[in-house]
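A short write-up of the structure that comes next.
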Amino acid sequence: MLELAGIVILGILAQWFAWKFKIPAILPLILIGLLVGPIAAEFLSDDGSKWIEPIWNGEKGLFPGEGLYYFVSLAISIILFEGGLTLKRSEIENVGPVITKLITLGSAITFFGAGIIAHFIFELSWDLSFLFSGLIIVTGPTVITPILRNIPLKKDISTVLKWEGILIDPIGALVAVLVFEFISVEGDSGFTKTALIEFGKIVLFGTTFGFTFAHGLAFAINKKLIPHYLLNVVSLSAVLLVFVESEIFAHESGLLAVVVMGMVLGNGKLENIKELLYFKESLSVLLISILFILLAANINIEDLMLLYTWKTAVLFAIVVFVIRPLAVFLSTSGSHLNTNEKLFISWVGPRGIVAAGIASLFGSKLLKEGVEGAEYITPLVFMIVLGTVLLNATTARFFAKIVGVFLKKSEGILIIGASRVSRLLGHYLETNGRHVVLIDSNEKNIQKAKDIGLEAMTANIYSDTLMNNIELNDVGYIMALTGNSDINKYAINKFSKQFGENGSFRLVTSQEMLDDTNNPKEGLFSHKDDFNTLTELTRKYPSIQEINLVDKAHYEELITISNKDAEIIPLFVKDNKGELHIISSYNLEVKDIEVGYQLVYLGKPFDVENVSTSETKEVKNS
């Protein structure tokens, strides 16, 4: 009882520690597992026993017989199902040739390169060498996201790394499973007709069971055959059922089945998909916490001593500093990425839960079968996992500055709300070279934004999902433009520190409009206009206007006119370099106005004949 409770408590503490210090959770989890496992047995226990013993050993141990093997299998199936749910077909289509090459050509280079190196350095059989290389193909989002979350990067760099991690996680797991089955069916005679038949059975039953059960579960959910309070637990039971049933018909096909099931559900018209995702995400966090501690604790000091050789350092160095860059540079040849961006992508390639979990699974199984050299699989993969996470977590930010991909100033704009006003402003900002992201809980508004080419996402600002989105790394401004003043204020208070380093703005409230002397510092645009007036003006004048400026006096005269005219709202000042400067209700003054500057506003065109400045001002729609 103490050991079971201790694993959960230590796992959640490690997750909190990782969140607090902005590091991947895998790092403290593995270290805790090693501490309570082999380190405790060797240096801290009087009787040489581990503080947490995963395998049954006399009176101590959590999992008798093959219990740990079964638990790890089921836990990984749930984690991979959750990963499959996040794979959207539409997003895969738009990630571009770089991602496609990374998960195909890049994976092939890693597979063959690492396999050859492992064979000659550690003198492993070709079978085990390629099993090792298949296991280290993956770079999971659970380890990449915390590393990149607080590094301001160009959007294309963070997108490449994010989607490589998401797409290659289940793909890498599938490759490892298929390679394991293919090379272990007949031992040394793995490349036989029997192995090919087993390989085919894995693909057939895995895809069939996953596809069929996914549609069955979707039908039951959409037809309200499952009560709402049982939705999550029934879905969990269905995942476990698919995994077990597929395993019965074709051994090692269960992981493929749950990945396929997740992908089908994630891309289908399934109601409550968000709720299902939130549940599976929370469950995955708990399982990852338990798994890493268990798997690390299950390693013996003898396994670690196998790595105490110069061969380990050489293998790690070649995998990280030769094979990974080679895979990235060949996969990105001919792309728009420059050399420094390719170098940074090459540097960031941490391995995660799938590599460690499946390595422990296959390593223990091969050991029981008496396969020579199998004792190297688990510790070698753990070495790659721990080494890459530690390297990237401690040096990624510094390396980004060295190669010049670290954004010194975040110019992206996060717009809270995707109403007609937000879409109009977002489109103008986007066409003027700014990275704009709109968020809203209204899916219809989000779809309308996407239809005009804007980047938009359905999100709830009361959840923490936005805080983990690495594609918002270059965001330095927040504009809260919803019709709810409480939501606007909440968004500013919650996100200003992370996303509003250059400025956080919101629309003024109706009460603030009535008190002209109480201008909030974060007030946006005009102090006499709230969401309703902006919406009405956008309906009447559905375009953004620009007027050339001559000097500061000219600007101030136009601001005075706009204050008296309810159908003109100043928005930005565009300088002669094309940069936009937000006008706030708190301070309408600007320091410098030169020839070539423009006033950007919403509403009817200025009556230039009534402006005292002699030069004619050009007015144009955007």
Side-chain angles (χ1 to χ4, degrees), residues 10-35 39 79 110 135-154 157-166 168-169 172 284-285 288-289 291-293 295-296 299 307 312-313 315-317 319-321 323-325 328 340-341 343-357 359 379-403 405-407 464 467-473 498:
L10 289 173
I12 300 305
L13 283 176
Q15 292 281 357
W16 178 87
F17 184 87
W19 165 80
K20 182 68 176 178
F21 294 97
K22 299 180 177 59
I23 60 174
I26 188 176
L27 191 56
L29 285 171
I30 289 182
L31 293 178
I32 288 174
L34 293 175
L35 176 64
I39 294 177
I79 294 169
T110 302
L135 288 166
I136 65 168
I137 285 176
V138 298
T139 60
T142 56
V143 288
I144 287 180
T145 300
I147 292 174
L148 300 182
R149 188 180 299 154
N150 296 289
I151 304 176
L153 300 167
K154 287 177 61 178
I157 301 177
S158 58
T159 300
V160 166
L161 288 168
K162 171 190 173 182
W163 285 110
E164 180 199 14
I166 291 177
I168 209 171
D169 218 359
S284 292
V285 169
I288 287 171
S289 303
L291 271 181
F292 268 120
I293 292 178
L295 297 179
I299 297 176
L307 304 179
T312 304
L315 178 64
F316 179 82
V319 168
V320 173
F321 303 120
I323 295 177
R324 170 67 177 175
V328 170
N340 287 350
E341 291 167 344
L343 283 172
F344 182 77
I345 294 173
S346 301
W347 188 262
V348 180
R351 275 63 173 178
I353 179 63
V354 173
L380 280 178
V381 173
F382 264 79
M383 177 270 298
I384 296 293
V385 170
L386 186 58
T388 53
V389 171
L390 184 61
L391 176 68
N392 293 154
T394 55
T395 64
R397 188 180 183 90
F398 177 69
F399 191 76
K401 293 180 179 180
I402 291 179
V403 297
V405 299
F406 189 93
L407 294 180
D464 292 329
M467 310 291 282
N468 300 330
N469 194 313
I470 62 176
E471 292 188 0
L472 300 178
N473 281 356
Q498 181 169 350

Testing Ile137, Thr388, Leu135 for side chain to side chain contact (heavy atoms under 4.5 Å, CB included) with Arg351, which one passes?
-> Thr388

Output all residues satisfying side-chain contact (heavy atoms from CB on, under 4.5 Å) with Leu391, sequence neighbours left out; order by chain, then residue number.
-> Val320, Phe321, Trp347, Thr395

To the nearest 0.5 Å, atom CG of Asn340 lies from atom CZ of Phe399 at 8.5 Å

Which residues pass the side-chain contact (heavy atoms from CB on, under 4.5 Å) test with Pro28, sequence neighbours left out?
-> Ala14, Phe17, Ala18, Ile23

What's the shortest heavy-atom distance between Pro325 and Ser346, and which atoms?
-> CA-OG, 3.5 Å

Thr312: side-chain contact (heavy atoms from CB on, under 4.5 Å) partners, not counting sequence neighbours | Phe122, Leu307, Thr309, Met383

At their closest point, which heavy atom of Ala400 faces which heavy atom of Phe344, and how far apart are they?
-> CB-CE1, 3.5 Å

Worked check of side-chain contact (heavy atoms from CB on, under 4.5 Å) between Glu341 and Leu153 = CA-CA 10 Å; Glu341 291 167 344; Leu153 300 167; over 6 Å; no

Atom CG of Leu29 and atom CG of Leu34: how far apart are they, to the nearest 0.5 Å?
-> 11.0 Å

Which value, rounded to the nearest 0.5 Å, describes the distance between Ile136 atom CD1 and Phe316 atom CZ?
-> 10.5 Å

Mind checking what makes side chain to side chain donor-acceptor pair (under 3.5 Å) contact with Thr110, not counting sequence neighbours?
-> none

Please name the residue in the list Val348, Ile345, Ile323 that meets the side chain to side chain contact (heavy atoms under 4.5 Å, CB included) test with Val328.
-> Ile345

Return yes if some donor-acceptor pair links the side-chain N/O of Asn392 with the main-chain N/O of Gly349 below 3.5 Å, else return no.
-> yes

